[in-house]
Amino acid sequence: MRVVVTGAAGQLGQDVMKELSRRKYQAFGTDRHQLDITNEANVQEYIHEVKPDVILHCAAYTNVDAAEENEELAYQINTGGTENLARAAKQVGAKMLYISTDYVFDGTASEPYEVNEPTKPLGAYGRTKLSGEQLLQQNLEEFFIVRTAWVFGVYGNNFVKTMIRLGEERGEVGVVHDQVGSPTYTVDLAKFMIELMETEKYGIYHATNSGICSWYEFAVEIFKQASLNVVVNPLTTDQFPRPAARPKYSVLSKKKIVEQGLTPLRDWKEGLAAYLEESKR
Ligand SMILES: NC(=O)c1ccc[n+]([C@@H]2O[C@H](COP(=O)([O-])OP(=O)(O)OC[C@H]3O[C@@H](n4cnc5c(N)ncnc54)[C@H](OP(=O)(O)O)[C@@H]3O)[C@@H](O)[C@H]2O)c1
């Protein structure tokens, strides 16, 4: 099976490439130089040349705060880029899997979000990712949309790395305690994506590690597992203002994964332990 991966130099894309090659797929990893997804001609030419069976679309404009000032650019990449790929996928008959985000929701829920619940992004990043979802659905009758959240992997800049760096530098950190969600280890997400792409179980999925925590609780667990003696002070969102508003409750329900007979991702604490182990290598 021939699989094109966009954003293959990114945090998730690198682990997706590793998992694909481990399983002996013919994987074509592309970064923005090989395949600029905003360039329609480039996308057409590349996809028609490679003729993949599957496109795993991991490329995105992911700077949530900067997107507030650069919505046009985020739109070109997250929405326009996804549309370009969806059109090309249709022409060559490839399956397409688009990675989306918990930020399509406003976070006012108190129960985990099901896949069919109304969306209402709070900021530019979420808006552009959501319109990417919509254009994918308009262009393809059959598609995979996988919404994930709080992603960490050894190849990216992420919360775990930031906490360990700050903890080692300062010995004390302040972390918000009134935003809850579920962390996601890239290796676990990559395995789920590959399991899903093998099926014809099309539609929208929510895929994060299982379990729920606040960013504060996540930080406490990171220092515990990394055996770092760091004081963690709980903060409110108001005490830690950011350019982009974040959903307060961004827990995604994984019910559909179970209903479809697919494999749920393990608990986030186990994912964190595996990440810390992998980081030592
Ligand atoms: N990180 C999270 O917490 C999180 C949460 C929910 C959902 N997601 C989603 O998960 C997916 C993977 O995220 P990630 O954490 O792996 O992000 P990442 O490390 O920022 O990777 C995204 C990749 O996309 C590439 N890219 C940007 N513009 C491009 C273009 N025009 N053409 C081709 N490639 C382009 C980037 O290249 P450059 O580095 O050269 O710009 C980067 O390598 C994204 O769809 C993201 O929206 C992430």
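Read the numbers this way: they start at 1 and go in the same order the structure lists the ligands and their atoms. These numbers come from the heavy atoms of this one structure, side chains and all, not from hydrogens, waters or symmetry mates. A quick note: this is a predicted structure, and the numbers were derived from the prediction, not measured.
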- Message: Does K18 form a salt bridge (Lys or Arg N to Asp or Glu O under 4.0 Å) with E278? I'd like the steps, not just the answer.
- Response: CA-CA 13 Å; K18 251 168 84 173; E278 190 190 352; 3.4 Å; yes
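Residue pairs that meet the salt bridge (charged side-chain N to carboxylate O under 4.0 Å, His left out) test with at least one member in residues 225-246, sequence neighbours left out, are D65-R242, D65-R246. Legend: ring-ring contact (aromatic ring centres under 6.0 Å, His included) pairs involving residues 21-80, not counting sequence neighbours, sorted by first then second residue: H57-Y98. The salt bridge (charged side-chain N to carboxylate O under 4.0 Å, His left out) contacts involving residues 29-40 comprise E40-R87, where partners must be two or more places apart or lie in separate chains.
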Which protein N or O atoms sit under 3.5 Å from any N or O of ligand 1? Give each pair with its distance.
{"residue": "ligand 1", "atom": "3 (O)", "partner": "V151", "partner atom": "N", "Å": "3.1"}
{"residue": "ligand 1", "atom": "15 (O)", "partner": "Q11", "partner atom": "NE2", "Å": "2.9"}
{"residue": "ligand 1", "atom": "16 (O)", "partner": "Q11", "partner atom": "N", "Å": "3.2"}
{"residue": "ligand 1", "atom": "16 (O)", "partner": "L12", "partner atom": "N", "Å": "2.8"}
{"residue": "ligand 1", "atom": "19 (O)", "partner": "Q11", "partner atom": "N", "Å": "2.9"}
{"residue": "ligand 1", "atom": "20 (O)", "partner": "T62", "partner atom": "OG1", "Å": "2.7"}
{"residue": "ligand 1", "atom": "24 (O)", "partner": "A60", "partner atom": "N", "Å": "3.2"}
{"residue": "ligand 1", "atom": "28 (N)", "partner": "R32", "partner atom": "NH2", "Å": "3.3"}
{"residue": "ligand 1", "atom": "31 (N)", "partner": "D36", "partner atom": "OD1", "Å": "2.9"}
{"residue": "ligand 1", "atom": "32 (N)", "partner": "I37", "partner atom": "N", "Å": "3.1"}
{"residue": "ligand 1", "atom": "40 (O)", "partner": "R32", "partner atom": "NE", "Å": "2.9"}
{"residue": "ligand 1", "atom": "41 (O)", "partner": "R32", "partner atom": "NH2", "Å": "2.7"}
{"residue": "ligand 1", "atom": "43 (O)", "partner": "G10", "partner atom": "N", "Å": "3.4"}
{"residue": "ligand 1", "atom": "45 (O)", "partner": "I99", "partner atom": "O", "Å": "3.3"}
{"residue": "ligand 1", "atom": "45 (O)", "partner": "K129", "partner atom": "NZ", "Å": "2.7"}
{"residue": "ligand 1", "atom": "47 (O)", "partner": "Y125", "partner atom": "OH", "Å": "2.6"}
{"residue": "ligand 1", "atom": "47 (O)", "partner": "K129", "partner atom": "NZ", "Å": "3.0"}

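Proximity of L276 to I164: side-chain heavy atoms (C-beta onward) are separated by under 4.5 Å at one or more points.
With salt bridges taken as basic N to acidic carboxylate O contacts below 4.0 Å, none links K256 and E259.
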